[in-house]
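Here is the structure we will look at.
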Amino acid sequence: MTPVARTGEPPDAGEVAGPALPRSFFARDPLDVAPDLLGRVLVAGGPDAGAAVAVRLTEVEAYRGADDPASHAFRGRTRRTAVMFGPAGHLYLYFVYGMHWCVNVVTGWDGEASAVLLRAGRVVAGADVAAARRAARRRTAVTAGALARGPAALTTVLGLDAGADGADLCAADSAVRLLPGVPATAVRSGPRVGVSAAADRPWRFWVDGDPTVTAYRAGTRAQRRPPAGVTRAAPGLREPLDAVGDGRMEG
DNA sequence: GTCTCGATCGAA
DNA sequence: TCGATCGAGACA
């Protein structure tokens, strides 16, 4: 375990301990699991797998399977999405934009293919390792509180990538565990970030007022598909967005 | 096979 | 505001 000195954040030692949450925690509707994940602590690494980094979750998004057009599982089982169709409590990692990894926890029952995307958190242990991992990907320094802000940043800080796809959070010897932490009490919800399908469903959940929560951004495509004969919408012709204030929408 | 686009991030 | 960068998935 790496000390967290000089980061300005308390170590929260009491929360980075205890038994991992059981599979029954994950084997529920993702809309129930998602808000219940806030305040929980995800730990990756440890004595047998290198330096541990722990993150208290502050922002997540629920994705259902067959009835959620925004879900990777919407079009059925593929090699990439196979993990989502399996038992709850496993990690689903996916690669986006040619450079980023994002991490989900599989929820629900076998074959249902629902999951919760882990979007942001606060590093509560292993901050120096976390900072080094972020620094390897950017030129400017990032503040301690923003180390795990954003799904790709969160995944980077925890050292997760393709090798963690399918990992079982509930296995006794797993290098990645989800600890009870202290469940959040002030939870809000709003539309998911960056999705172009089913963009109106308020399936993003976050800890009210937490500075690590990411700003809201609508999906990049204004229309699901351009009209016939038009290959792409002109940049200036997108539908105007509603004002979103500080980026954290009302629930 | 070929093409399009993406559950993002960071620099300009 | 825009470019990076490449795999998945759709389509021919």
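Convention: sequence-line order gives letters A, B, ...; per-chain numbering from 1.
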### Message
Looking at G145(A), is its backbone amide N or carbonyl O close enough to the side chain of R149(A) to form a donor-acceptor pair, meaning the two atoms are under 3.5 Å apart?
### Response
no
### Task
Using whole Å, report how far CZ of R137(A) lies from C1' of dA4(C).
12 Å
### Task
With sequence neighbours excluded, give me every side chain to side chain donor-acceptor pair (under 3.5 Å) pair touching residues 154-178 of chain A.
R23(A)-D168(A)
### Query
How do V116(A) and R134(A) order along DNA chain B: which one's closest nucleotide is nearer the 5' end?
V116(A)
### Summary
Ranking dA7(B), dC9(B), dA11(B) by distance to the side chain of A153(A), first place goes to dC9(B)
Report each atom pair, protein N/O against N/O of nucleotides 6-8 of chain C, whose distance is under 3.5 angstrom.
{"from": "dA8(C)", "atom 1": "O3'", "to": "R80(A)", "atom 2": "NE", "distance (Å)": "3.1"}

### Query
At under 4.0 Å between heavy atoms, what does A152(A) touch on the DNA or RNA strands: base, sugar-phosphate, or nothing?
sugar-phosphate
#### Entry: Rounded distance [0.5 Å steps], NE2 in H90(A) versus CE in M84(A)
14.0 Å
### Short side-chain N/O contact to dC5(B) OP1/OP2 from S196(A), under 4.0 Å
no
### Query
Do the ring planes of F95(A) and W101(A) sit parallel (below 30°), tilted (30 to 60°) or perpendicular (above 60°)?
tilted
### Query
dT8(B) phosphate, OP1 or OP2: any side-chain N/O from R119(A) under 4.0 angstrom?
yes
### Message
Under a 3.5 Å distance rule, please check whether R119(A) uses its side chain to pair with a backbone N or O of E59(A) as donor and acceptor.
### Response
no
### Message
Applying a 4.0 Å non-hydrogen cut-off, can you work out what R138(A) is touching in the nucleic acid: base, sugar-phosphate, or nothing?
### Response
sugar-phosphate
### Message
Tell me if a side-chain donor or acceptor on R217(A) pairs with a main-chain N or O of V193(A) at a distance below 3.5 Å.
### Response
no
### Task
Hunt down any stem DNA chain C takes part in, defined as 3 or more consecutive Watson-Crick or G-U pairs whose two distances are each under 3.5 Å.
B:1-6 with C:6-11, B:8-11 with C:1-4
### Query
Is the shortest side-chain N to carboxylate O distance from R28(A) to D36(A) below 4.0 Å?
yes
